[in-house]
Amino acid sequence: MKTMQNELLEWYAKNHRDLAFRKDQDAYKIWISEIMAQQTRIEAMLPYFERFLILFPNLTALANADDEALHKAWQGLGYYSRCRNLKKCAIECMKRFHGELPKTKAELKTLPGIGEYTAGAIASIAYKEKVSAIDGNVIRVFSRLYDIQEDVTSIKTRRKIESLVDRSLVQPIDQYNQAIMELGALICIPKVPKCSACPIREFCQASDPASLPIKPEKKKRKKEKKVLYVWVHDGRVHLNKRKATGLLANMYEFDEKLPAHYESVVSLGEYTHIFSHVEWEMQANLVYTNKEDSGFYAMDEIENEIALPSAFKPFYERLKEVIFDEEKN
DNA sequence: AAATCGGGGTG
DNA sequence: CACCCAGATTT
């Protein structure tokens with residue numbers, strides 16, 4: 001029988017991407033991949049996924065992970081509370097679930113970092129529980145399938161879509177849930193959907209799919225100006241650890257003031273870093289200090305052990321050039 | 001319900 | 001430039 005689900009499953013079997021975290025059905029790997037994929041393009045998280053599994057191959061290793069090593073493994077991926085929640089979750093699983101991930105969506109949802117979507121994804125993909133896993137792709141696909149001309153971020157519309165998805169669920173549930181997401185990622189994409197290549201176009205009610213889903217306007221970002229001072233003494237660089245809450249919590253940063261004693265200052269140029277809700281307009285200066293204090297690190301330490309956010313990367317690269325030039329002379 | 005939390009790819 | 005991405009959590 002020709003149903004939306006059958007067409008979708010058939011398309012998925014032939015056309016899905018060959019992704020590393022689909023190689024086996026290990027719940028641990030699926031969990032890690034789902035957390036990494038939150039608000040992150042699959043291609044962007046793949047290299048992190050491979051490296052992370054070598055460093056932290058199982059729940060026990062993750063529960064015992066060194067916090068700095070964990071942040072270093074996540075460096076550049078963003079939303080760093082995700083990796084802290086991974087460790088918290090691993091510890092809770094040791095205590096509450098005999099050292100394993102629980103197997104139901106309801107139990108998974110009680111763990112740190114695992115919300116409605118991720119719980120459904122793990123339960124359905126790893127354990128074949130017949131539950132939904134509604135991410136941005138699924139919202140887009142269903143808003144178009146049913147021509148939903150409402151703000152999809154409202155609770156009411158969200159419930160409506162959930163209901164539609166729930167009624168559509170079929171076995172094999174792991175394949176079906178991933179098929180909807182894959183369609184959203186490859187065919188039913190934002191702005192310019194590839195409807196002519198869509199396996200379920202005959203089931204789609206959207207008259208203007210490019211205009212869906214409807215979302216509220218985004219607020220403008222605030223701008224903040226920062227002047228950074230990169231203290232250098234004897235080829236070593238001073239870094240501060242940021243506070244444990246808020247933006248880039250627990251990550252390292254350059255100073256925002258001059259040291260008590262210094263010899264000279266050299267500009268490292270300007271760079272504007274854009275976050276979701278704020279924009280940092282930065283200018284940085286290299287400052288040669290004549291006193292060694294605590295908190296100075298060698299370049300290879302920074303390279304291998306220190307979690308420096310991408311916001312500071314351009315200045316770090318310029319710093320490397322300067323220090324390398326000095327060593328040559 | 002709205003704000004917060006990263007970073008990068010894309011039109 | 002704006003938008004969005006296999007969202008969760010806090011306010």
Side-chain angles (χ1 to χ4, degrees), chain A residues 12 16-17 19-22 30-49 71 74-86 88-89 108-126 132-141 151-158 165 174 176-186 188-193 210-222 242-251 271-280 307-314:
Chain A
Y12 179 72
H16 72 79
R17 294 166 290 180
L19 301 172
F21 50 85
R22 290 194 179 120
I30 290 170
W31 168 50
I32 301 296
S33 72
E34 290 299 340
I35 300 296
M36 281 189 174
Q38 288 168 1
Q39 291 293 284
T40 306
R41 289 170 199 285
I42 296 298
E43 308 82 60
M45 51 74 68
L46 283 176
Y48 286 84
F49 178 70
H71 275 111
W74 213 265
Q75 177 190 63
L77 196 54
Y79 288 155
Y80 297 96
S81 65
R82 289 185 294 173
C83 70
R84 291 191 291 277
N85 280 334
L86 275 179
K88 283 187 196 167
C89 184
L108 285 161
K109 235 179 80 172
T110 68
L111 290 163
I114 300 183
E116 185 72 27
Y117 162 75
T118 305
I122 299 171
S124 64
I125 298 170
S132 66
I134 303 176
D135 72 334
N137 290 307
V138 180
I139 302 254
R140 186 168 56 255
V141 170
D151 176 0
V152 296
T153 65
S154 77
I155 300 292
K156 192 174 130 229
T157 308
R158 162 84 202 187
V165 175
D174 55 331
Y176 179 66
N177 277 344
Q178 293 185 81
I180 309 172
M181 292 191 273
E182 196 76 341
L183 187 78
L186 300 181
C188 196
I189 57 179
K191 293 179 184 172
V192 279
S211 69
L212 299 174
I214 294 171
K215 294 181 181 176
E217 291 176 25
K218 301 216 166 146
K219 288 186 156 184
K220 285 207 292 189
R221 280 186 295 270
K222 292 174 185 171
R242 292 174 62 83
K243 60 182 168 62
T245 58
L247 189 60
L248 302 176
N250 288 319
M251 305 291 284
Y271 167 62
T272 297
H273 189 81
I274 299 172
F275 299 94
S276 315
H277 62 293
V278 67
E279 202 169 315
W280 284 357
L308 197 67
S310 298
F312 305 119
K313 199 171 177 187

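All chains are named by letter (A, B, ...) in the order of the sequence lines, taking the proteins before the strands, and each is independently numbered beginning at 1. Values reported hereafter were calculated over all heavy atoms of this structure, with side chains retained and with hydrogens, waters and symmetry mates removed.
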Using a 4.0 Å heavy-atom cut-off, does A/Phe275 contact any base of the nucleic acid, only the sugar-phosphate backbone, or nothing at all? sugar-phosphate

Strictly below 4.0 Å: does A/Thr40 bring a side-chain N or O up to OP1 or OP2 of C/dA6? no

Starting at atom CZ of A/Arg140, determine the distance to atom C1' of C/dA6, rounded to an integer number of angstrom. 10 Å

Report yes or no: does A/Ser154 contribute a side-chain atom to a donor-acceptor pair with the main-chain N or O of A/Thr157 at less than 3.5 Å? yes

Distance test, side-chain N/O of A/Tyr80 to OP1/OP2 of B/dG7, below 4.0 Å: yes

Of all the choices, B/dC5, B/dG7, C/dA6, which nucleotide is nearest to the side chain of A/Tyr79 once you look at every atom? B/dC5

A/Thr118 and A/Gln38: side-chain donor and acceptor closer than 3.5 Å? yes

Which is more 5' along DNA chain C, the nucleotide nearest A/Leu19 or the one nearest A/Ile274? Just name the residue. A/Ile274

Could you tell me how far C/dA6 sits from B/dG11 if I compare only their P atoms? Round to whole Å. 14 Å

Please confirm whether the shortest side-chain N or O distance from A/Lys109 to OP1 or OP2 of C/dG7 is below 4.0 Å. no

Whole-Å distance between C/dT9 C1' and A/Lys88 NZ? 10 Å

Please work out if A/Gly246 contacts a base, only the sugar-phosphate, or nothing of the nucleic acid, heavy-atom cut-off 4.0 Å. sugar-phosphate

Can you find a heavy atom in the side chain of A/Phe21 that is under 4.5 Å from one in the side chain of A/Met45? yes

Atom pair distance, as rounded to whole Å: CZ in A/Arg242 and C1' in B/dC5: 12 Å

Euclidean distance, atom CG of residue A/Leu183 to atom P of C/dA6 [Å, nearest integer]: 12 Å

Can you figure out which of C/dC3, C/dG7, C/dC5 approaches the side chain of A/Thr118 most closely? C/dG7

For a quick test of reading the model: is some side-chain N or O of A/His277 closer than 4.0 Å to OP1 or OP2 of B/dC5? yes

Assign A/Leu77 to base, sugar-phosphate, or nothing according to its heavy-atom contacts below 4.0 angstrom with the strands shown. base

Rounding to the closest angstrom, what is the interatomic distance between B/dG6 and C/dT11 at atom P? 15 Å

Just the rounded figure in Å: distance from P of C/dC3 to CZ of A/Arg41. 14 Å

Looking only at atom types and distance, does a side-chain atom of A/Arg82 sit under 3.5 Å from a main-chain N or O of A/Leu77, one as donor and one as acceptor? yes

Looking at A/Arg84 and C/dA8, is any side-chain donor or acceptor paired with a base atom of the opposite kind under 3.5 Å? no

Applying side-chain contact (heavy atoms from CB on, under 4.5 Å), run through A/Met181 and A/Val138 and close with a yes or a no. CA-CA 6 Å; A/Met181 292 191 273; A/Val138 180; 3.9 Å; yes

Which listed nucleotide (C/dC5, C/dT9, B/dG7) is nearest to the side chain of A/Asn85? C/dT9

For the residue pair A/Phe275 and A/Trp280, does the interplanar ring angle fall in the parallel (under 30°), tilted (30 to 60°) or perpendicular (over 60°) class? perpendicular

Separation of C/dA6 P from A/Gln39 CD (nearest whole Å): 9 Å

Give one of base, sugar-phosphate or nothing for A/Tyr48, where a contact means two heavy atoms less than 4.0 Å apart. nothing

side-chain N/O A/His273 vs B/dG7 OP1/OP2, d < 4.0 Å: yes

May I ask you to verify whether the side chain of A/Ser276 and the base of B/dG6 hold a donor-acceptor pair under 3.5 Å? yes

Side chain proximity check, A/Lys222 to A/His277, heavy atoms < 4.5 angstrom: no

B/dG8 and C/dT9, which share atom name P, separated by this distance in whole Å: 24 Å

Minimum-distance nucleotide to A/Arg17 side chain [options: C/dA6, C/dC4, C/dA8]: C/dA6

Does A/Thr153 put a side-chain nitrogen or oxygen below 4.0 Å from OP1 or OP2 of B/dA1? no

Does A/Arg82 contact B/dC5 through a side-chain donor or acceptor facing the base, at a distance under 3.5 Å? no

First of A/Glu182 and A/Lys220 reached from the 5' end of DNA chain C, by closest nucleotide: A/Lys220

note: A/Lys191, atom NZ; C/dC5, atom C1'; distance rounded to Å ~ 11 Å

Rounding to an integer number of Å, can you tell me how far A/Trp31 CH2 sits from C/dG7 C1'? 16 Å

